[in-house]
Amino acid sequence: MTLNSTSSLTFSSPPILSARLAATPLLSAAQLVGTGHKTQILRCRSSHRILFMKEALVFQAIALVIAIVVGVSVEAPILPALPYIYVSPPVTMRYLITGATGGLGGHILEYFIAQIPFSDFAASSSSPENRSRFESRGVNFRHLDYENPTTLNRALHDVENLLFISTNANVIDVEKVKRQHRNVVEAARKANVKHVWYTSLPFGGLTNDSEVSVQRAHLATEKMLKESGLTFTCIREGIYVEGFPLFLNWYPETTLLTLPRDGEIAFTSRVELAVCTARLMIQGGFENRIVLLTAGETITAKELVSVINETTGRRVELRYVSPDEFVDAGPRNDRGGKSRAFFETLVSLWESAASGELRTMDGLMAEILGRVPIPPRDAVRQLLVENRDHTWHQITISVFLFG
C-alpha cells in the first residue's frame with residue numbers, strides 16, 4: 001500500500017484484504033451514494049476496479065489509520081487533500097448476468113443493482129460497444145458472445161453463478177439455438193462454474209412431452225446441462241403477458257383477428273419473473289432441478305380480446321380459421337411484414353395451447369414473491385391503461401420467447 005504526493009491511496013495488499021475492503025459497508029457504492037455527501041464513482045483503467053471519492057475528512061482519517069496498521073510510510077500529509085481508494089475485485093465473481101441488454105436479463109440486472117454489492121456481480125453482452133452503458137453506472141462488464149467460444153471462456157473465468165439467458169437467435173433456426181447453447185454449456189464446464197441458472201420455457205409444464213420446436217430446443221439444452229456434470233437449475237419461465245399482442249398478432253388498428261386455435265395460457269408478468277429469478281439465484285438451492293414460474297390464473301385468446309375491448313373501447317372481433325388459411329393469409333395481410341415461417345410457428349404455439357401445454361400453473365412464484373402474482377387479465381388491463389396502443393416486437397417472435 002502506498003501514499004503518493006497527490007494523496008492517492010492504492011491497495012496492493014493480498015486479495016483477502018482487498019475483498020474485505022470491498023465488502024465493508026462503509027465503502028459500498030450504495031452506502032456512499034446514499035449519504036447525501038458529494039460522492040462519485042469513477043471507473044479505473046481496469047474494468048473490475050472502482051474508485052471511490054469522498055469529500056469528508058473521516059475517510060482521510062480512515063486512510064491514515066489503515067496506513068499505520070499495515071505499516072507503511074506516509075510521504076505527504078493527507079488531511080488537506082482528498083483520498084482516492086482503489087478497491088480490487090473479489091477473487092471470484094459471484095454472479096454473471098447474460099442477456100443484460102434484453103428484457104428479462106435487464107430486469108434481473110436492475111434487481112441486482114438494487115440489492116447486491118456492485119463488486120459481487122457483472123453484466124454481459126454480445127456487443128462490446130455496450131461496455132460504457134454498464135460501466136457508467138458502476139456495473140462490471142464482460143463481453144460474452146454465444147457464437148464465440150473465446151469470449152465465453154474469458155467471460156466465465158472465476159464465475160460462481162451464471163444466469164444463462166436463452167439465446168435471442170431466431171426460434172425458427174432451432175439448430176442455431178442448440179449450437180449456441182452447447183457453446184455456453186461447454187465453456188461453463190471448462191470454467192468450473194459452480195451453478196448455472198438457465199431460463200427455459202413452460203410448454204408442457206414440468207413434463208418433457210412438448211413437441212413444439214422451440215421447446216424441443218430448450219429440452220435439448222436442459223439435457224446438455226444434466227449430462228455436463230454442472231450444478232444447474234432450469235427455470236421454466238411463464239409466457240410473458242407483455243407479449244400478448246404478438247400471440248394474437250394484434251395491432252392497435254386491427255378490427256378483425258384470425259387465429260387457428262385457442263386455449264388457456266398462464267400469461268405471466270415479465271417483471272415478476274425477473275424478480276423471482278433473481279431471488280432464486282441469490283437464495284441458492286434447487287440444485288439439479290427444473291422449476292416452473294407462472295401466474296396463478298390462465299386466459300384464452302377470446303378472453304384477451306374481451307379485455308382489449310372493455311379497456312380501450314374498441315370493437316375487435318375474433319374469428320377462427322383453419323391452420324392453412326391462417327398461414328396463407330398471414331404474410332399477405334401482416335403490416336409488420338412477418339414471414340410465412342413466423343405464422344407456421346404461431347400455429348404450433350396455438351395448437352400447443354389448445355392441447356393444454358400452457359395452462360399448467362405452479363405455486364412457486366407466489367411463494368417467492370410472498371403474494372399472488374398479478375393475474376393475466378389484470379396485467380393486460382394495466383398495460384392497456386398505461387398505453388391503449390400497447391404493442392410488442394411485432395416483427396419477430398424470437399424476442400417474445402427469449403428476451
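Each residue takes its place number in the sequence, starting with 1. Just so it is clear, the values below take in all heavy atoms, side chains as well, and ignore hydrogens, waters and symmetry mates.
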Practice prompt. Check the side chains of Glu222 and Ser200 for a donor-acceptor pair under 3.5 angstrom, ignoring hydrogens and angles.
Written response: yes
Worksheet item: Ring centres of Phe112 and Phe118 under 6.0 Å apart?
Response: no
Fill in: Pair Thr277, Glu237: side-chain N/O donor-acceptor within cut-off below 3.5 Å
yes
Worksheet item: Which heavy-atom pair separates Gly285 from Thr233 by the least distance, and what is that distance?
Response: O-OG1, 3.8 Å
Worksheet item: Ring centres of Tyr320 and Phe326 under 6.0 Å apart?
Response: no
Worksheet item: Just checking, any donor-acceptor pair under 3.5 angstrom between side chains of Glu160 and Thr92?
Response: yes
Practice prompt. Dump the intermediate steps for side chain to side chain contact (heavy atoms under 4.5 Å, CB included) on Leu358 and Ile239, then the final yes or no.
Written response: CA-CA 8 Å; Leu358 292 175; Ile239 299 296; 4.0 Å; yes
Worksheet entry | Pair Ser166, Thr199: side-chain N/O donor-acceptor within cut-off below 3.5 Å | yes
Fill in: Partners passing side chain to side chain contact (heavy atoms under 4.5 Å, CB included) against Arg359 (at least two apart in sequence or in another chain)
Glu264, Thr298
Discussion item. Please determine whether the number of non-hydrogen atoms from other residues, nucleotides or ligands lying under 6.0 Å from atom CD of Glu147 exceeds 12.
Written reply: yes
Worksheet item: Can you tell which of Leu304, Thr311, Val305 makes a side-chain contact (heavy atoms from CB on, under 4.5 Å) with Val307?
Response: Thr311
Worksheet item: Going from CG on Asp262 to CD1 on Ile265, what distance comes out if it is rounded to the nearest 0.5 angstrom?
Response: 8.0 Å
Worksheet item: Using 4.0 Å as the upper bound for N to carboxylate O, is an ion pair formed by Asp389 and Arg314?
Response: yes
Worksheet item: Should Lys223 and Glu227 count as an ion pair when the cut-off is N to O under 4.0 Å?
Response: yes
Discussion item. Centre-to-centre under 6.0 Å for Phe141 and Phe134, is that the case here?
Written reply: yes
Worksheet item: Are Glu253 and Arg335 within salt-bridge range, i.e. N to O under 4.0 Å?
Response: yes
Discussion item. Would you say Ser125 and Asn130 are linked by a side-chain donor-acceptor pair, where the criterion is simply a distance under 3.5 Å?
Written reply: yes
Worksheet item: Is a salt bridge present between Arg236 and Asp362, judged by a nitrogen-to-oxygen distance below 4.0 Å?
Response: no
Fill in: Pair Trp197 and Phe286, ring centroids less than 6.0 Å apart
no
Discussion item. Rounded to the nearest 0.5 Å, what separates atom CZ in Arg189 from atom OG in Ser228?
Written reply: 8.0 Å
Discussion item. Checking side-chain polar atoms at under 3.5 Å, does Thr167 have a donor or acceptor matched by the opposite partner on Gln180?
Written reply: yes
Worksheet entry | Sidechain N-carboxylate O distance under 4.0 Å for Arg279, Glu367 | no
Item to complete: Please check if any side-chain donor atom of Asp334 sits under 3.5 Å from a side-chain acceptor atom of Tyr251, or the reverse.
Response: yes
Worksheet item: How about Phe203 and His218: are their ring centroids closer than 6.0 Å?
Response: no
Fill in: side chain to side chain contact (heavy atoms under 4.5 Å, CB included) between His195 and Met281, worked out
CA-CA 9 Å; His195 197 141; Met281 292 181 65; over 6 Å; no
Worksheet item: Counting only heavy atoms not in Arg315, do more than 12 fall under 6.0 Å of its CZ?
Response: no
Item to complete: Supply the atom-to-atom distance Leu104 CG to Thr98 OG1, rounded to the nearest 0.5 angstrom.
Response: 9.5 Å
Discussion item. Does either side chain, that of Arg179 or that of Tyr146, offer a donor lying less than 3.5 Å from an acceptor on the other one?
Written reply: no
